[in-house]
Each structure stands twice: as structure tokens, then as C-alpha cells.
Asker: 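Pasting a structure here, questions to come.
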Amino acid sequence: MTSDTTSDTSTSEPGRGERYAPRSIEVAWQARWERDDLYRTPDHVEGRPNRYHLTMFPYPSGDLHVGHWFAMAPSDTLARYFRMRGHNVMFPMGFDAFGLPAENAALKGGLHPADWTRGNIERMRGQLKSMGATFDWSREVNTSAPEYYKWTQWWFTQLFKQGLAYRKNALANWCPSCNTTLANEQVVDGRCERCDTLVEQRAMEQWFFAITKYAEELLHNEDLDWPEHVKTMQRNWIGRSEGAEAAFALESPTAEGVDEIRVFTTRPDTLHGVTFMVLAPEHPLVTQITTSDHLDAVRAYQERASHATEIERLSTEREKTGAFTGAYCVNHLTGDRVQIWVADYVLASYGTGAVMAVPAHDQRDFDFAKKYGLPIKVVIAPPAIDGKPWDGSDFAEAWTAEGTLVASKQFDGMPNVGAKKAVANYMAEHGWGGSTINYRLRDWLISRQRYWGAPIPIVYCDDCGPVTVPEEQLPVELPYDVEFVPTGQSPLALSEEFVHTTCPQCGKPARRETDTMDTFMCSSWYYMRYPDPQDAEAAFSRASADTWLPVDQYTGGSEHATMHLLYARFFYKVARDLGLVPGDEPFTRYFSQGQILGPDGRRMSKSRGNVVAPDDQVEKWGADTFRAYLMFLGPWDQGGPYDVDSIVGVSRWLNRVWNVVTDPPALVDDAARGKALRRSSHATLQKVTEDLEAKRFNTAIAAMMELTNDMQRLRDEGTADEAAWTEAVRLLTLMLAPPCPHIAEELWSRASGTYSVHQQSWPDYDPAAIVRDTVDLVVQVNGKVRDRIEVATDADEAAARATAEGTPRIAEQLAGKDLVRVIYVPGRLLNFVVR
RNA sequence: GCCGAAGUGGCGGAAUGGCAGACGCGGUCGACUCAAAAUCGAUUGAGGCAACUCAUGUGGGUUCGAGUCCCACCUUCGGUACCA
């Protein structure tokens with residue numbers, strides 16, 4: 001094996017008939033690259049601009065999955081391509097190591113989450129290395145290591161100091177039998193996945209980040225070089241809507257002194273048509289205003305609503321339900337006294353948790369009013385039809401389109417669109433509300449009642465309140481010896497040693513916060529750590545941020561389009577406001593790859609028995625074949641089924657490449673065939689270059705296959721032009737280097753005797769080599785293909801027409817017809833439109 | 001439900017509004033072989049002797065020309081705030 005030689009003189013004679021043996025080549029070259037530290041990325045290399053490529057780091061679930069390869073192999077190909085284009089590319093890797101599965105494993109298998117996670121990381125690091133990727137392992141991060149989560153905790157303290165962290169009551173899924181909170185994933189059909197008990201919603205004090213303070217800035221993503229659909233999803237997720245807040249007076253103020261209900265509406269123009277109010281079942285006012293004769297019904301309704309998921313509650317197809325509270329409020333504009341209901345289609349987390357109902361002009365309200373016999377008051381008259389104005393008759397459904405205000409006092413006769421502002425202004429003048437903007441985006445709940453996460457660095461002191469742990473006392477370390485049996489509290493609450501501490505401000509005895517942080521926090525800043533992974537003094541230095549940030553190319557699963565990517569953008573903006581990073585956005589370019597499916601076209605899972613193990617594929621076919629097949633099977637942004645039978649096609653291709661290069665035809669001087677080969681190799685280079693830039697790996701591989709087939713044909717013919725052949729071999733090897741790094745290195749080494757192909761420059765194609773003298777032109781009559789003709793590449797319309805009309809088939813088609821039009825697209829087609 | 005994406009041969013897929021099916025899998029036939037595997041070659045959307053016709057989820061539309069653009073719908077996939 002050439003990789004074992006230490007010199008650059010590995011000019012072993014190409015062994016005729018020597019078979020392509022991928023595994024031995026791959027293992028040897030990987031060892032050589034590692035020994036030579038080929039992929040360690042220095043912060044600066046003379047003459048090479050820095051470029052930061054990043055693929056989302058994996059959760060260490062146990063074994064590397066085909067999905068990981070599908071995400072990382074093309075990313076690595078891109079990183080390698082840009083290295084050949086002259087960049088100093090950093091392509092780091094790490095592990096998103098906190099999370100629920102480790103705790104599940106602990107409960108099931110009795111292994112400690114820390115040990116389970118450590119073992120998985122070690123196994124997966126080895127599996128990742130078998131990909132032959134350019135990961136710089138000297139920069140590896142592990143979010144569950146105290147050296148890392150110390151700084152995740154530091155982030156919390158920074159957000160706290162910026163006034164972006166606050167505590168408030170929030171609901172969590174609660175299993176009364178297991179005595180524990182449940183993740184949404186652990187709730188199946190409203191029941192606990194472990195014990196099948198009906199899940200409840202339980203309120204508890206939890207920490208939030210005020211991401212909504214950045215809503216407006218996060219909305220502005222138009223300059224990002226991201227897929228449009230991802231930017232659209234983010235904008236819709238943030239969900240800005242313009243409207244008004246409106247206060248309604250409670251007929252009887254509550255014992256606590258609350259005398260109004262505030263609602264958000266996008267339709268202030270319909271305020272005069274309010275005929276009832278609806279509160280979310282969880283709205284704090286509900287228990288205060290409900291009259292004694294309605295209490296039982298409302299309580300029963302709240303209980304029922306607590307079992308419904310948000311998706312169910314928001315479904316517009318589901319029949320609306322609700323309960324009357326017995327209380328009334330008064331519409332300031334009209335003096336109308338209206339009933340106050342509770343209904344689960346109103347969510348406590350959106351707007352103010354209360355809505356005004358205008359059944360005449362909102363379909364949900366209309367259905368609700370019909371069902372419960374509530375009044376319907378028309379305040380927007382539909383436009384006249386055929387000169388006949390609306391006759392005042394009842395609606396069969398809500399009128400949600402434009403119209404003119406009626407029954408709205410001084411606003412009568414106004415077009416409703418203009419009335420929005422007018423009514424809102426009138427409300428503002430009287431102190432009843434006014435124009436406002438509402439976002440669908442909610443503040444980020446980061447508290448988790450779990451063990452395997454970074455502890456929230458807060459101490460509760462009777463005198464000082466919640467106090468952040470000072471930086472010099474970080475990290476607040478996770479105690480190892482903890483009881484995992486669910487007790488109704490976070491496992492950390494059971495550790496006396498952990499809980500009892502002293503207040504960092506006054507020194508008195510105090511208690512630690514026992515919740516841990518959402519793992520999305522760890523992944524919101526990991527890309528800032530790679531530039532400075534060993535820093536013990538800071539999360540990262542400003543200098544390292546200026547050297548590497550923002551990330552030039554981020555790639556990851558489309559499932560992260562909203563949450564992770566929005567949280568990461570939020571953190572970056574906070575970091576900017578703290579003066580820590582350059583620019584406003586963390587990821588200049590982003591590409592979302594699709595999902596790889598099982599051979600049956602469904603998501604791979606153990607229970608379906610359709611999991612393909614990457615280690616087996618590497619063992620059977622080799623890493624290069626496996627990498628290339630993942631790139632070949634379809635467009636990267638779409639994913640698709642992994643077909644265990646089709647990979648053989650890619651294996652055959654690399655074998656053909658091997659045979660063609662190591663056992664060439666007799667090389668002669670043959671200018672004519674040399675020109676054709678040269679056209680083929682340079683056209684391929686152009687295609688592959690364009691495809692790699694656009695991340696179209698499937699068609700890039702297909703183009704290389706076509707070039708290989710051309711070379712195979714010459715090999716079968718027995719001779720090839722020496723200069724063109726040598727050049728074709730060189731170009732093919734260089735083009736193979738990004739997607740198939742091992743075979744490229746081996747063939748390069750054999751052909752040139754030098755090392756390494758991965759330190760070569762990407763070649764430029766010669767446009768002159770690609771030009772043809774003649775082109776095939778399609779000839780259509782009335783848009784249907786009737787013939788094909790060969791014309792000079794630069795033929796004008798008259799010349800093309802003359803040739804076409806001279807062919808018997810076209811002459812026959814045109815005979816006796818009136819020529820209406822001729823359309824000529826040079827190099828493509830000629831279309832005769834006849835009658 | 002809402003937001004986003006995708007539907008093309010037996011299968012994965014290709015196609016700046018311009019020859020639908022590149023490339024590959026599978027199939028069929030052939031070469032090599034005692035035989036098989038591997039490899040190589042030919043062929044392969046459907047119908048038709050052919051001219052030609054039909055064909056890109058469904059139904060409409062725009063255009064000389066539509067897989068591609070527009071409208072309506074159907075199906076599948078991703079996300080839906082505690083899976084990561």
C-alpha cells in the first residue's frame with residue numbers, strides 16, 4: 001500500500017489486473033491523513049481566506065445512522081471542494097450530548113446517563129472517522145462536558161443580566177402516576193407512554209427567555225442566503241399581525257380588583273359587532289369571574305380541555321365547544337352587555353388569551369354562535385350585487401370579505417379596511433386600547449424538570465430573591481450520584497448536597513434552582529465555540545469570533561427550519577448586543593437537506609425493521625461507494641429511500657474508474673479522437689463544478705459516470721490519444737477527490753507519485769474545448785416534433801429554415817398549409833406554426 | 001387544522017417554458033465460462049406492421065410550445081414550541 005510510504009516517490013507500477021480493494025485503501029489513507037494532521041485547521045494560513053463550513057452536530061444516541069452520513073458526506077464533499085478552491089476551510093464536529101434519551105436509557109437499562117453518553121460518543125466518533133471526512137477533531141465540542149456547559153450557564157447569566165430571562169407560571173404535561181413531567185413526545189393520545197395514565201396539565205414556575213423582544217429583527221431575514229421556504233416558515237412562525245388591543249369592562253369587577261378583559265383583534269373594524277367574549281380555559285380570570293351556578297360546568301370544561309393537544313384545539317374542522325361563565329362584560333363602543341364564555345379554541349399563550357367574538361364576520365365565531373344560540377350582529381354590509389344593495393337578511397355563513405360599516409354609529413358608511421385604523425384610534429383616545437402588533441411567536445420556555453441537562457445557574461435567597469451564580473463559581477456541576485426514580489421533582493431536588501448552598505450576594509443559606517436547561521440552549525451557541533474550543537477564560541474570544549464567524553455554510557435537516565435555527569439567530573443577536581461577535585446573523589448561507597428513508601420509503605426505525613446500518617454498508621462497499629451513493633440517490637434537499645440494491649451501480653462505477661485508470665488503452669497520437677475526449681472531460685468538469693457550487697451532487701456524480709463510460713469505450717476500442725487521455729485521467733481524479741477522497745488519493749498517488757490530491761487546486765475547464773461546430777436542431781410543426789436536422793452552431797434563422805424545409809418529412813407537413821409564424825430558438829429548435 | 005415541501009417508466013431519479021425519461025437499479029437477449037459469479041455489449045415508458053398516437057397525481061387555464069407558469073383539488077412527507 002502506497003500510503004505506508006513516507007516519501008513522495010510511491011511510483012509503484014500500475015498493476016494490470018489488480019482489483020479495486022476499497023477497504024484496504026481507505027483504512028490506510030485515513031491513517032496517513034490522521035498521522036499527517038491533514039485536516040487540522042489553523043486559524044490563519046497565508047494566502048488562503050478562511051471559510052467556516054458547519055453541519056449540524058449529532059445527538060449521541062448510540063450508533064451512527066445512515067441519516068448522519070446523508071447529512072455529513074455531502075457537507076464534507078463541499079468542504080473539500082472549497083479547500084481545493086483555495087480556502088482555509090474549518091469543518092468541525094461535536095456532540096449535542098444532553099437530552100431525554102440518556103435518561104430513558106438510565107431508567108430502562110440502569111446505566112448512568114453520563115456513562116451511557118460517554119460510551120456512545122466514543123463509538124460514534126470512531127464511526128464518524130470511517131467516513132474519511134475532513135473533520136478537525138482537535139476542535140471537538142461535547143455539550144455535556146463541564147468545560148462546555150459552564151459557558152451555557154454563563155449564557156443564562158448574560159441573558160438574565162440583559163433582562164431577557166424571567167420566571168412565570170407555565171403549564172407542563174404531568175403524569176400523576178409516574179409523578180413526573182413528560183415531554184410532548186412521551187404523551188401518546190393524551191396518555192403517558194410508560195403507564196398509559198391520562199396526562200394532565202400542571203402549572204409551575206418556569207424560566208423563559210424573551211425571544212419576542214427580537215421578533216421584529218428575526219422577521220427580517222430577506223438578506224440571508226437561505227432557501228426561500230425556510231425563510232417563509234420562519235416568518236410565518238413569528239407570525240406578525242397588525243391589529244388592536246381592546247378593553248371590555250367587566251360588569252362585576254373581581255375580588256382581586258380586575259375590572260376589564262383585554263383582547264387582541266386584527267379586526268377592530270368589527271368591534272361594534274361583538275356579541276360575546278371567549279376566554280381560554282386556562283385564563284387566570286376564569287375562576288375569578290365564573291358565577292357559582294356555572295362553576296361546576298366550567299370546571300368540568302377546563303378539566304376536559306386540559307387533555308386536548310394544542311393541535312386538536314386549533315383544528316378548524318373539530319366541532320367548537322365551550323361553557324358559559326355566567327359573567328358579562330360591556331362593550332365600551334356600544335354599551336352592549338355580552339356573555340363571557342370559555343372555549344378551548346382560544347389559547348392562553350397567544351395574544352392576551354381572550355378573544356372578542358364577532359360571529360357575523362368570523363367563521364369560527366359564527367359556528368360557535370349558531371351552536372350555542374348566541375346573537376349575530378352584522379356591522380359590515382357586503383357590497384351591492386348587480387346594483388342591488390345587501391337587503392339586511394341573515395347570513396348563511398360569516399361575511400369575512402370587504403364591505404361597508406353599518407350599525408357602527410359614527411363609523412357607518414366607512415369602507416371596513418379604512419375603519420380599522422379609525423376605530424383603533426377612537427379606542428386609544430378613550431383609553432380603551434388602540435393599535436398594536438401581535439406576534440404568534442412565544443417566549444422561549446427553557447426550564448426542564450430533568451437531570452441530564454445543564455443546571456440553571458440560579459440560587460434562591462429569602463432576602464435577595466433569585467440570584468445568578470457568579471462566573472467564577474461556574475460551572476454549577478451536575479452531581480453524579482442521583483436518584484432517578486420519579487418523585488414529582490427534578491432529580492436534582494433530591495440531592496441535598498446540590499440544593500443547599502449559600503447566597504452569592506449575602507452569604508445566607510439558600511437553595512439552588514433544580515431545573516435544568518432546554519438542550520436547544522446548548523445548540524444555540526455551539527458554532528461560536530468551535531473557533532475557540534479550549535478557552536477556559538471565556539465562552540470564546542472576540543478574536544476567534546472575528547477570525548471565523550459568521551458561519552459561511554451551514555447544512556442540516558429541514559426539521560430544524562424553525563426552532564433550532566430561530567433560537568440560534570436569537571442567541572447570535574444577543575451576542576452581538578453584548579459586543580461578542582461580528583455582524584447580525586450566525587449563518588450567512590444555509591442549506592436544508594432532506595431525510596433519508598428506509599428501503600420501504602418510510603422513516604427508518606427499529607420498530608419498523610427497516611434500519612440500514614452504515615457500518616455494514618462501509619464494510620460491504622467501502623466508504624467512497626457509500627458516500628457517492630448517498631449523493632447519487634437523489635437531490636440532496638429532498639432525501640429519499642435508501643435502496644440496498646441500487647448502491648451496486650455506484651460500486652460498479654468506481655470499479656470502472658479504477659480499471660480505466662490503472663489499465664488504460666494503448667496511448668497513441670490521435671488528434672481527432674483526442675478532441676472528442678477533451679470535449680467530454682472539459683464538459684464534465686464544467687458540469688461538476690456548477691453542480692458542486694449548487695449542491696446538486698446527484699447530477700455531478702452522473703456526469704462523472706458519463707465521462708467514465710466514454711473512457712471505457714476508448715479502452716474497449718484499444719487506443720486513445722495520449723495527451724487527451726492523460727488529461728482526462730487527471731481531471732477525473734481531481735473531480736473525484738471531494739466526493740470519493742480515498743480512491744482519488746490512491747489513483748492520484750499512482751499516476752503522479754505525489755501526495756496529496758487533497759492539497760491540489762480545483763482545475764479550470766477550457767471553454768474552447770467544449771465548443772461544437774454543429775448542433776442538432778429539433779424541427780416542430782405546430783409544436784410537435786417532426787424531424788431533427790444538423791446545422792452549424794451559429795446558423796441564423798434563414799439557414800436553419802432552408803435546411804428544415806428541404807427535408808422530405810417537413811416538406812410533406814408544410815405542403816398545402818398556410819405558414820402563420822416561425823419560431824427559432826438557436827441551438828434548440830425551429831417551430832413552424834401552420835393553419 | 002395551520003405553516004413548508006414533494007408527486008415523472010417496474011424502482012431511485014434527469015430535464016435555463018423548447019427532443020420527457022440523462023445517470024443508475026431491475027428486466028430481456030448476447031459474449032466470455034463445463035457452469036455460475038464477476039465483467040463486457042445490445043435492448044428496455046405504453047399502444048401500433050408503420051405513419052403515428054398516448055403518457056410527468058387530478059381537473060381547468062395561459063402559451064407557437066407546459067413536467068416546468070397560473071387557479072382549484074387529491075395524496076404523501078417535515079414542523080407545530082418538552083425528541084433532537
Side-chain angles (χ1 to χ4, degrees), chain A residues 19 56-59 61 96 98-101 104 172-173 181-187 206 211 227-230 232-237 239 309-318 345 349 440-450 518-520 522-523 557-564 566-567 592 594-595 597 601-603 629 632-635 637-643 645-650 652-653 655-656 659 696 698-699 701-706 709 712 716 776-785 787-788 809 820-823 825 827-834:
Chain A
R19 298 278 289 266
M56 290 177 187
F57 61 167
Y59 176 79
S61 53
D96 189 14
F98 276 136
L100 196 57
N104 288 339
N173 299 315
T181 54
L182 297 176
N184 289 341
E185 193 191 45
Q186 297 173 298
V187 181
Q206 307 196 66
I211 189 172
E228 273 315 312
H229 70 267
V230 174
T232 303
M233 270 193 271
Q234 291 208 347
R235 281 194 295 269
N236 292 336
W237 180 268
T309 69
E310 210 169 287
I311 292 171
E312 288 164 355
R313 286 173 57 170
L314 286 174
S315 169
T316 50
E317 285 201 338
R318 180 163 167 264
Y345 72 87
S349 51
R440 206 188 72 96
L441 180 70
R442 312 204 286 246
D443 276 346
W444 176 9
L445 193 168
I446 58 131
S447 295
R448 298 291 182 269
Q449 296 73 45
R450 288 193 234 294
D518 180 4
T519 56
F520 272 123
C522 312
S523 55
S558 46
E559 67 273 20
H560 292 295
T562 46
M563 305 183 68
H564 161 63
L566 216 43
Y567 293 142
S592 94
Q595 202 167 42
L597 304 171
R602 299 185 305 165
R603 205 172 175 163
Y629 177 60
F632 179 66
L633 62 79
D637 57 354
Q638 279 169 42
Y642 185 93
D643 185 348
D645 295 323
S646 292
I647 187 172
V648 69
V650 175
R652 283 177 193 150
W653 167 53
N655 268 294
R656 239 181 342 256
N659 292 337
R696 290 188 298 252
N698 55 333
T699 48
I701 302 277
M704 287 188 253
M705 286 175 169
E706 286 187 76
N709 290 345
Q712 169 83 41
D716 288 347
D776 287 329
L777 203 62
V778 167
V779 186
Q780 299 181 334
V781 177
N782 285 343
K784 291 200 188 299
V785 181
D787 207 352
R788 297 174 177 85
R809 294 176 62 180
V820 181
R821 234 178 117 179
V822 176
I823 288 144
V825 184
R828 292 233 175 237
L829 62 71
L830 187 65
N831 185 13
F832 294 95
V833 183
V834 298

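Computed from a predicted model, the values in this text were never measured in an experiment. Below, chains carry the letters A, B, ... as their sequence lines are ordered, and counting in each starts from 1.
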Asker: Taking atom P in both rG47(B) and rA42(B), what distance in whole Å separates the two?
Answerer: 24 Å

Asker: So which nucleotide does rC23(B) pair with, by the Watson-Crick or G-U wobble rule with both distances under 3.5 Å?
Answerer: rG12(B)

Asker: Using Watson-Crick or G-U wobble geometry with both distances under 3.5 Å, which nucleotide pairs with rC29(B)?
Answerer: rG41(B)

Asker: Closer than 3.5 angstrom, by distance alone: can the side chain of N173(A) be matched with the main-chain N or O of L182(A) as a donor-acceptor pair?
Answerer: yes

Asker: C1' atom, rG26(B) versus rG65(B): distance in rounded Å?
Answerer: 35 Å

Asker: With respect to the phosphate group of rG24(B), does any side-chain polar atom (N or O) of N709(A) fall under 4.0 Å of OP1 or OP2?
Answerer: yes

Asker: Could you say whether E706(A) or M563(A) is positioned toward the 5' end of RNA chain B, judged by the nucleotide with the nearest heavy atom to each?
Answerer: E706(A)

Asker: Expressed as a whole number of Å, how far does the P atom of rC34(B) sit from that of rA51(B)?
Answerer: 43 Å

Asker: Looking at rG18(B), does its base get a donor-acceptor pair with the side chain of Q780(A) below 3.5 Å?
Answerer: yes

Asker: Determine: side-chain N/O of R652(A) to OP1/OP2 of rG26(B), distance under 4.0 Å, yes or no.
Answerer: yes

Asker: Could you tell me which non-hydrogen atom of T519(A) sits nearest to which non-hydrogen atom of D96(A), and how far apart they are?
Answerer: O-OD1, 4.2 Å

Asker: Which nucleotide sits closest to the side chain of R828(A): rU80(B), rG41(B), rG18(B)?
Answerer: rG18(B)

Asker: Please state the P separation for the pair rG78(B) and rC29(B) - nearest whole angstrom.
Answerer: 41 Å

Asker: Measuring from the side chain of T562(A) (C-beta onward, heavy atoms only), which nucleotide among rG12(B), rG79(B), rA14(B) has the closest atom?
Answerer: rG79(B)

Asker: Check every strand shown and say whether H560(A) touches a base, only sugar-phosphate, or nothing at a heavy-atom separation below 4.0 Å.
Answerer: base

Asker: May I ask you to test the V834(A)-V820(A) pair for a side-chain heavy-atom distance under 4.5 Å?
Answerer: no

Asker: Looking at D643(A), is its backbone amide N or carbonyl O close enough to the side chain of S646(A) to form a donor-acceptor pair, meaning the two atoms are under 3.5 Å apart?
Answerer: no

Asker: Under a plain distance cut-off of 3.5 Å, with no hydrogens placed, do T181(A) and Q449(A) share a side-chain donor-acceptor pair?
Answerer: yes

Asker: Can you tell me which nucleotide in rG12(B), rG79(B), rG41(B) comes closest to the side chain of F632(A)?
Answerer: rG12(B)

Asker: Which nucleotide sits closest to the side chain of E559(A): rA20(B), rA84(B), rG13(B)?
Answerer: rA84(B)

Asker: Does E706(A) form a salt bridge (Lys or Arg N to Asp or Glu O under 4.0 Å) with R656(A)? I'd like the steps, not just the answer.
Answerer: CA-CA 11 Å; E706(A) 286 187 76; R656(A) 239 181 342 256; over 6 Å; no

Asker: Taking only side-chain N and O atoms of T232(A), does any of them lie within less than 4.0 angstrom of OP1 or OP2 on rG4(B)?
Answerer: no

Asker: Just how far, in rounded Å, is C1' of rC23(B) from CZ of R696(A)?
Answerer: 15 Å

Asker: Output the single nucleotide from rC40(B), rG26(B), rC64(B) whose closest atom is nearest the side chain of V648(A).
Answerer: rG26(B)

Asker: Would you kindly compare I823(A) and N236(A) by the position of their nearest RNA chain B nucleotide and give the one closer to the 5′ end?
Answerer: N236(A)

Asker: Within the structure shown, what part of the strands sits under 4.0 Å from Q712(A) by heavy-atom distance: base, sugar-phosphate, or nothing?
Answerer: sugar-phosphate

Asker: Please report the distance, rounded to the nearest Å, between CG in N782(A) and C1' in rG65(B).
Answerer: 10 Å

Asker: Is it true that N709(A) and W653(A) share a donor-acceptor pair across their side chains at a distance under 3.5 Å?
Answerer: no

Asker: Using a 4.0 Å heavy-atom cut-off, does V833(A) contact any base of the nucleic acid, only the sugar-phosphate backbone, or nothing at all?
Answerer: sugar-phosphate

Asker: Whole Å only: how far is the CD atom of E228(A) from the P atom of rG4(B)?
Answerer: 12 Å

Asker: For W237(A), is there any backbone N or O sitting under 3.5 Å from a side-chain donor or acceptor partner on R440(A)?
Answerer: yes

Asker: When you compare rU68(B) with rU58(B), how far apart are their P atoms, in angstrom units rounded to a whole number?
Answerer: 11 Å

Asker: Side-chain N or O of N831(A) versus OP1/OP2 of rG18(B): is the shortest distance under 4.0 Å?
Answerer: no

Asker: It should be established whether N698(A) places a side-chain nitrogen or oxygen under 4.0 Å from OP1 or OP2 of nucleotide rA14(B).
Answerer: yes

Asker: Report yes if at least one side-chain N or O of R788(A) is closer than 4.0 Å to OP1 or OP2 of rC19(B); otherwise report no.
Answerer: no

Asker: Find the distance L566(A):CG to rA81(B):P and express it as a whole number of Å.
Answerer: 14 Å

Asker: Taking atom P in both rA66(B) and rC32(B), compute the distance separating them and give it to the nearest angstrom.
Answerer: 50 Å

Asker: Whole angstrom is fine here: how far is it from CG in D645(A) over to C1' in rG12(B)?
Answerer: 12 Å

Asker: Nearest to the side chain of M705(A), heavy atoms from C-beta on, is which of rC40(B), rC19(B), rC23(B)?
Answerer: rC23(B)

Asker: Does rC52(B) have its OP1 or OP2 closer than 4.0 Å to a side-chain nitrogen or oxygen of R809(A)?
Answerer: yes

Asker: Could you report the tightest heavy-atom contact between D518(A) and L445(A), atom names first, then the distance?
Answerer: OD2-O, 4.2 Å

Asker: How is L633(A) classified with respect to the nucleic acid when contacts are heavy atoms under 4.0 Å: base, sugar-phosphate, or nothing?
Answerer: sugar-phosphate

Asker: Strictly below 4.0 Å: does R235(A) bring a side-chain N or O up to OP1 or OP2 of rG4(B)?
Answerer: no

Asker: Give one of base, sugar-phosphate or nothing for S349(A), where a contact means two heavy atoms less than 4.0 Å apart.
Answerer: nothing

Asker: For W444(A), which contact category applies under a 4.0 Å heavy-atom criterion: base, sugar-phosphate, or nothing?
Answerer: nothing

Asker: Determine the interatomic distance between P on rG10(B) and the same-named atom on rU16(B); round to the nearest Å.
Answerer: 24 Å

Asker: Quick one: label F520(A) by what it contacts on the DNA or RNA (base, sugar-phosphate, nothing), any heavy atom closer than 4.0 Å.
Answerer: base

Asker: Determine the Euclidean distance between corresponding P atoms of rC11(B) and rG60(B); express it in Å to zero decimal places.
Answerer: 25 Å

Asker: Can you tell me which nucleotide in rA84(B), rG4(B), rA81(B) comes closest to the side chain of D96(A)?
Answerer: rA84(B)

Asker: Base, sugar-phosphate, or nothing for P635(A), non-hydrogen atoms under 4.0 angstrom?
Answerer: sugar-phosphate

Asker: Within the structure, does a side-chain N or O atom of R656(A) lie under 4.0 Å from either OP1 or OP2 of rC40(B)?
Answerer: yes

Asker: Nearest to the side chain of S646(A), heavy atoms from C-beta on, is which of rG24(B), rA84(B), rA6(B)?
Answerer: rG24(B)

Asker: Is rG59(B) in the syn or the anti form, by the rule that syn lies within 90° of 0?
Answerer: anti

Asker: Given the side-chain rings of Y59(A) and F98(A), with only the six-membered ring counted for Trp, is the space between their centroids under 6.0 Å?
Answerer: no

Asker: Measure from the side chain of P101(A), starting at C-beta and using heavy atoms only, and say which of rC40(B), rG78(B), rA84(B) lies closest.
Answerer: rA84(B)

Asker: Can you tell me the distance, in whole Å, between the CD1 atom of I311(A) and the P atom of rG78(B)?
Answerer: 13 Å

Asker: What contact category does D716(A) fall into here, base, sugar-phosphate, or nothing, at under 4.0 angstrom with non-hydrogen atoms?
Answerer: sugar-phosphate

Asker: Atom CH2 of W653(A) and atom C1' of rA38(B): how far apart are they, to the nearest Å?
Answerer: 20 Å

Asker: To the nearest Å, give me how far apart NZ (K784(A)) and C1' (rA66(B)) are.
Answerer: 12 Å

Asker: Return the nearest nucleotide to the side chain of L441(A); candidates are rA20(B), rA84(B), rA81(B).
Answerer: rA81(B)

